[in-house]
Amino acid sequence: MSRFSLIIELPTTHMAAPDPELRIAILERELHWAQLKIQVLEERLRQQRIHFLGPRSETLDDLQLRLLIEEEPGTTREEVEAEAAREPLAKVPRRERQPHPGRQRLPEHLPRVEQVIACAEQSCKSCGAETTVIGYDQSEQLDVEPARYFVRVIRREKRVCRGCEQGVHMAELPPRIVEKGLASDGVVIETVIAKYCDHLPLYRQAVMLEREAGLEIGRATLDGWVMRVGELLQPIVEAMRQDLLRASYLQADETTVPVQMHDQRGADHQAYLWQYGKPGGETVFDFQLGRGRDGPKQFLGKWEGILQTDGYQAYERIGGPKLVQVGCWAHARRKFVDAVKLNPEDAEAVKMVVRMDALFTVDREAGRQELSPAQRLEMRRQHAEEWAEEIRRECVALSAAVLPKSALGQAAGYLLNMWARLRRCFDYAEVELSNNLAENSMRGVALGRKNWLHVGSVHAGPKVAAILSVIESCRRLGVPAKEYLLAVLPGISQRKLSEVAELTPARWAASRD
């Protein structure tokens with residue numbers, strides 16, 4: 001029973017009526033909380049609609065920015081202009097739309113094939129004499145030759161000495177990825193690249209092979225090629241993991257991946273791919289059946305460094321005793337963006353997003369000037385640290401004024417809970433403001449599982465993780481994945497582990513340079 005019900009049921013015959021001013025205050029308080037509860041319920045309904053139909057962008061539109069001037073009662077244009085004149089916005093330019101570069105010139109490294117188009121009329125209309133070519137009007141078009149399948153016939157010489165007849169000598173076959181397989185190394189690598197770079201499932205590739213080459217190859221055979229590549233890459237990925245554990249700063253994130261269990265249940269198990277990477281370096285995916293702390297605890301061991309993650313609790317109490325946890329400002333900002341999507345007229349949420357945008361503006365300007373990590377840290381402390389402290393103070397005020405379960409209340413509560421970790425971005429030079437690099441590494445997995453749907457078995461999980469680790473590391477480092485795989489995979493099973501450690505994407509690219 002509410003306090004309002006208690007008040008209206010008080011017996012009037014045995015006690016005096018309540019003070020009218022007190023009753024009005026109580027009713028106003030009850031009305032205020034009722035309005036907040038209605039707001040929370042409306043937010044939940046709108047959140048469901050946005051989840052299915054709404055935009056995914058986290059950028060505020062002009063109407064929401066104008067809200068700071070036109071719709072918020074306590075904000076004047078002069079105050080907004082004064083905010084804009086503060087550091088760092090006065091010194092750091094905002095992101096500007098780049099002008100259109102015009103007609104793009106085709107790359108110089110592509111071969112040129114000339115085609116000469118002759119004039120239809122080669123004689124003069126006046127005198128009938130043959131005309132002379134005085135030049136050409138030249139233009140360029142990008143063209144393509146469709147993939148051409150062919151059969152490579154390998155003939156090995158067999159030699160014998162007819163004088164002593166000591167036996168037949170024959171040339172050895174070069175090492176292959178799939179020994180005695182029907183496909184060459186190039187076709188095997190194309191299959192892997194098509195699945196994990198272009199997100200093309202194997203059944204579609206089988207249809208394409210039948211259409212283009214007239215060859216019917218079962219999906220089980222294609223899957224065997226892919227799993228063989230994953231098996232060969234596992235020692236390389238272990239060497240990549242050892243290299244990561246020598247770094248002083250890592251980012252981590254995780255995502256779901258369904259896996260077939262073959263236990264006659266008919267349902268996939270929700271497994272996870274944990275990703276650990278070094279900004280500007282390699283990244284490693286780790287396949288785990290669960291989302292518990294055992295995954296990162298096993299991968300990191302006693303590693304002691306700076307680990308940047310979101311607020312997921314499984315990253316707590318892992319690694320060595322000196323491990324430093326750092327938060328992600330993009331995750332904190334995203335929750336306020338969600339609050340703006342639910343309540344576009346909420347000026348407090350809009351202002352919080354604008355304040356956080358100022359933090360990223362400082363880092364963007366540092367990148368434009370190509371500053372060193374130490375110089376970027378100095379710019380953060382000079383311009384952005386004051387904004388960060390202001391964000392914390394505003395969140396303290398918001399948490400006392402709104403319902404904890406509202407979108408704005410949850411956003412403020414998340415930031416305050418993560419404040420100690422978020423604040424450490426201003427203590428270490430190499431640390432990024434956000435964990436977005438790790439999240440971007442998950443995009444290929446998110447796109448892929450919509451196409452190839454699930455991992456075929458528990459035993460296939462680590463092999464898939466190994467392929468994804470190499471593919472994503474090549475993308476980060478700018479290494480051509482197809483060229484890399486063709487260079488390192490044939491004969492890798494015959495190499496020593498010390499030799500395999502020198503074949504990681506980073507070391508292979510460095511050796512080429």
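Sequential numbering from 1 along the given sequence is applied to the chain's residues.
- With a 4.5 Å cut-off on side-chain heavy atoms, Y196 and V226 count as touching.
- For the pair L273 and E254, the minimum side-chain heavy-atom distance is 4.5 Å or more.
- Within the 4.5 Å cutoff, the side chain of V362 has no heavy atoms near those of the R376 side chain.
- The number of heavy-atom neighbours closer than 6.0 Å to CD of Q369, taken from other residues, nucleotides and ligands shown, is above 12.
- Counting heavy atoms from C-beta on, the side chains of V431 and I306 come closer than 4.5 Å.
- No donor-acceptor contact under 3.5 angstrom links the side chains of N451 and H199, judged on distance only.
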Derivation and outcome, side chain to side chain contact (heavy atoms under 4.5 Å, CB included), residues L289 and Y272: CA-CA 6 Å; L289 288 177; Y272 288 85; over 6 Å; no

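- Within the 4.5 Å cutoff, the side chain of W274 has heavy atoms near those of the Y315 side chain.
- Ring planes of F299 and Y276: parallel class, angle under 30° (limits at 30 and 60°).
- The backbone N or O of P201 sits nowhere less than 3.5 Å from a side-chain atom of W452 that would complete a donor-acceptor pair.
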From CA spacing to verdict: salt bridge (charged side-chain N to carboxylate O under 4.0 Å, His left out), E316, R421: CA-CA 12 Å; E316 299 176 359; R421 298 185 184 182; 3.4 Å; yes

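- Residues Q382 and E378 bring no donor and acceptor atom of their side chains to less than 3.5 Å of each other.
- Under a 3.5 Å cut-off, the side chain of S473 and the backbone N or O of T283 do form a donor-acceptor pair.
- Checked by atom type, the side-chain pair E472/S441 shows a donor-acceptor distance below 3.5 Å.
- The pair D243-R246 meets the salt-bridge criterion, with a side-chain N (NZ, NE, NH1 or NH2) lying under 4.0 Å from an Asp/Glu carboxylate O.
- Annotation: side chain of D310 is not in contact with side chain of N435 (no heavy-atom distance under 4.5 Å).
- Between the D185 side chain and the I177 main chain, a donor and an acceptor come within less than 3.5 Å of each other.
- Proximity of V353 to V340: side-chain heavy atoms (C-beta onward) are separated by under 4.5 Å at one or more points.
- Pairing each heavy atom of A501 with each of R507, the nearest pair is O-NH1, 3.0 Å.
- A salt bridge does not link R219 with D223: none of the charged nitrogens is closer than 4.0 Å to a carboxylate oxygen.
- Within a 6.0 Å sphere centred on CG of L497, other residues, nucleotides and ligands contribute 12 heavy atoms or fewer.
- When side chains are defined from C-beta on, K278 does not count as touching Q251, because their heavy atoms never get closer than 4.5 Å.
- For H459, the NE2 atom counts as loosely surrounded, since its 6.0 Å shell holds 12 or fewer non-hydrogen atoms of other residues, nucleotides or ligands.
- Between the side chain of E282 and the backbone N or O of A506, at least one donor-acceptor pair lies under 3.5 Å.
- Of the possible donor and acceptor atoms, none in the side chain of R423 sits under 3.5 Å from a partner among the backbone N and O of A388.
- Taking all atoms of both residues into account, the shortest heavy-atom contact from V455 to G461 is CG1-N, 3.8 Å.
- Using a 4.0 Å cut-off between charged side-chain N and carboxylate O, K496 and E499 make no salt bridge.
- Electrostatic pairing of K351 and E390 does not count as a salt bridge here, judged by no charged N lying under 4.0 Å from a carboxylate O.
- Between R241 and E238 there is a salt bridge, since a side-chain N of the basic residue sits under 4.0 Å from a carboxylate O of the acidic one.
- In summary, R355 and E386 do not engage in a salt bridge, as defined by a charged side-chain N under 4.0 Å from a carboxylate O.
- Ion pairing between D357 and R333 holds under the 4.0 Å rule for side-chain N and carboxylate O.
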